[in-house]
Amino acid sequence: AQSVTQLDSQVSVSEGVPVLLRCNYSSSVSPYLFWYVQYPNQGLQLLLKYTSGTTLVKGINGFEAEFKKSETSFHLTKASAHVSDAAEYFCAVNDTVPETAGQLNTNLLRY
């Protein structure tokens, strides 16, 4: 079984400042971890994913996340926020069995 917890239901930041969206996971096996973004009136878009190997994952639009197994975390960060980043952000986890469904939680980033 696996699950994710997003620790901030809403994050407000000013343009140009760093962004942090926190995600902690629970998984009995080595997990796949994902961040998705949903811009207003659009569908879900994959932002980045961790499957194995390098723990620091770089995504689109300057976002990155670091897989920290010891802290069971996969926090999403961006060095400098832009007004166009205003959206809903979803952290998801899946185990290494492809047919097993993952859990999706939401985190809203507003300006």
Working to the nearest 0.5 angstrom, can you tell me the gap between [X] [atom1] and [Y] [atom2]?
X	Y	atom1	atom2	answer
Phe34	Phe90	CZ	CZ	15.0 Å
Glu71	Glu66	CD	CD	8.5 Å
Tyr36	Leu46	OH	CG	5.0 Å
Asn24	Thr5	CG	OG1	7.0 Å
Thr77	Leu56	OG1	CG	7.5 Å

Verify, without hydrogens or angle tests, whether [X] (side chain) and [Y] (backbone) share a donor-acceptor contact under 3.5 angstrom.
X	Y	result
Asp8	Leu21	no
Lys78	Asn61	yes
Gln6	Cys91	yes
Ser27	Val29	yes

Contact check, side chains of [X] and [Y], non-hydrogen atoms, under 4.5 Å:
X	Y	value
Val57	Phe67	no
Asn94	Gln2	yes
Leu76	Leu48	yes

Between [X] and [Y], what is the shortest heavy-atom contact and its length?
X	Y	answer
Ser73	Tyr25	N-CE2, 3.5 Å
Tyr39	Ala87	CD2-CB, 3.6 Å
Pro40	Ala86	CD-O, 3.8 Å
Pro31	Val93	CB-CG2, 3.7 Å
Arg22	His75	CA-ND1, 3.3 Å
Ala81	Val19	CB-CG2, 3.4 Å

Could you please spell out the steps behind the side chain to side chain contact (heavy atoms under 4.5 Å, CB included) verdict for Glu15 and His82? CA-CA 5 Å; Glu15 188 159 5; His82 191 271; 3.3 Å; yes
Is it possible for you to say whether Val17 and Val11 belong to one hydrophobic cluster, with membership spreading through side-chain heavy-atom contacts below 4.5 Å? yes
Taking the inter-plane angle between the rings of Phe63 and Tyr89 on a 0 to 90° scale, is it parallel (under 30°), tilted (30 to 60°) or perpendicular (over 60°)? tilted
